[in-house]
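Please read the structure below before turning to the comments.
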Amino acid sequence: MSEILVEAADIVRAKAYAPYSNFQVGAAIRSVEGNVHLGCNVENVAYPEGTCAEAGAIAAMIASGDTRIAEIAVIAQASAPVPPCGGCRQKIAEFASGDVVVTMATTSGETLSMTVAELLPGRFDAGHMDASEART
């Protein structure tokens with residue numbers, strides 16, 4: 001399925017709005033329900049205040065009613081596969097288990113796959129906020 005997700009991410013990448021960085025990124029998520037959700041980066045004049053492709057795909061997934069990521073692909077025109085930024089790694093981890101595969105790709109066909117746990121070891125999660133575990 002990752003090849004299909006990479007292709008979908010590349011199609012939406014071409015729609016990215018990146019006039020300041022000229023760095024277009026596309027993301028495609030397959031939810032556990034089997035639906036595909038797309039996102040591309042969207043910049044604005046207050047660069048770097050914008051939306052990453054991964055965040056856009058997650059927002060589309062949530063807006064559709066799906067809540068869990070089964071697989072995700074991210075693509076950019078770069079010399080090597082580009083991993084999600086730190087903020088997006090945390091966003092992905094919110095909706096994906098540690099064994100979910102993240103496929104990073106370049107427009108020239110190079111890919112690198114890692115799990116969410118490999119991309120974000122020691123992630124912060126809701127368990128850290130459990131008041132019953134707080135020490136006084």
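Only a predicted model underlies this, so the values are computations on that prediction, with no experimental measurement involved. Throughout, residue positions are numbered sequentially from 1 according to the sequence presented.
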Contact check, side chains of N44 and Y17, non-hydrogen atoms, under 4.5 Å: no
Polar side-chain atom of N41 near backbone of G26 as donor-acceptor pair, under 3.5 Å: no
Worked verdict on T103 versus T111 for side chain to side chain donor-acceptor pair (under 3.5 Å): CA-CA 7 Å; T103 301; T111 62; over 6 Å; no
Set of side chain to side chain donor-acceptor pair (under 3.5 Å) partners for E3, sequence neighbours left out: none
Closest approach of V116 to S97 (non-hydrogen atoms, all atoms of both residues): CB-O, 3.7 Å
Cluster overlap I4 with L38, hydrophobic side-chain contacts below 4.5 Å: yes
Closest contact, heavy atoms only, A8 versus A28: CB-CB, 4.1 Å
Single-linkage hydrophobic cluster, 4.5 Å side-chain cutoff, L5 and M114 together: no
Evaluation steps, side chain to side chain contact (heavy atoms under 4.5 Å, CB included), between L120 and Q90: CA-CA 7 Å; L120 189 61; Q90 187 66 48; 3.6 Å; yes
Test item: I58 and I29 side chains (from C-beta on) under 4.5 Å apart, heavy atoms: yes
Those residues that, when tested against S21, pass side chain to side chain donor-acceptor pair (under 3.5 Å) (two or more places apart): E43
same_hphob_cluster(V42, I62) at 4.5 Å side-chain heavy-atom cutoff: no
Shortest non-hydrogen contact from Q24 toward A18: CG-CB, 4.2 Å
Table please: side-chain donor-acceptor pairs of residues 71-85 below 3.5 Å, with sequence neighbours left out.
unit_1	atom_1	unit_2	atom_2	d
E71	OE1	R30	NE	3.4
E71	OE1	R30	NH2	3.3
E71	OE2	S2	N	3.2

Path from V36 to I11 over hydrophobic side-chain contacts below 4.5 Å: no
Non-hydrogen atoms of V12 and G39 that approach each other most closely: CG1-O, 3.4 Å
ILVMFWY cluster, F23 and V6 together (side-chain gap under 4.5 Å): no
Backbone N/O of N35 and side chain of D66: donor-acceptor pair under 3.5 Å: no
Considering all heavy atoms, the nearest R68-E94 contact: NH1-O, 3.3 Å
Note, E54 side chain near I92 side chain (heavy atom, < 4.5 Å): yes
Heavy-atom donor-acceptor pair, R13 side chain to V25 backbone, under 3.5 Å: no
No-hydrogen, no-angle side-chain donor-acceptor test under 3.5 Å, S31 and E33: yes
Minimum heavy-atom distance C88-C52, with the two atoms named: SG-CB, 3.4 Å
Side-chain donor/acceptor of E118 to backbone N/O of T115, under 3.5 Å: yes
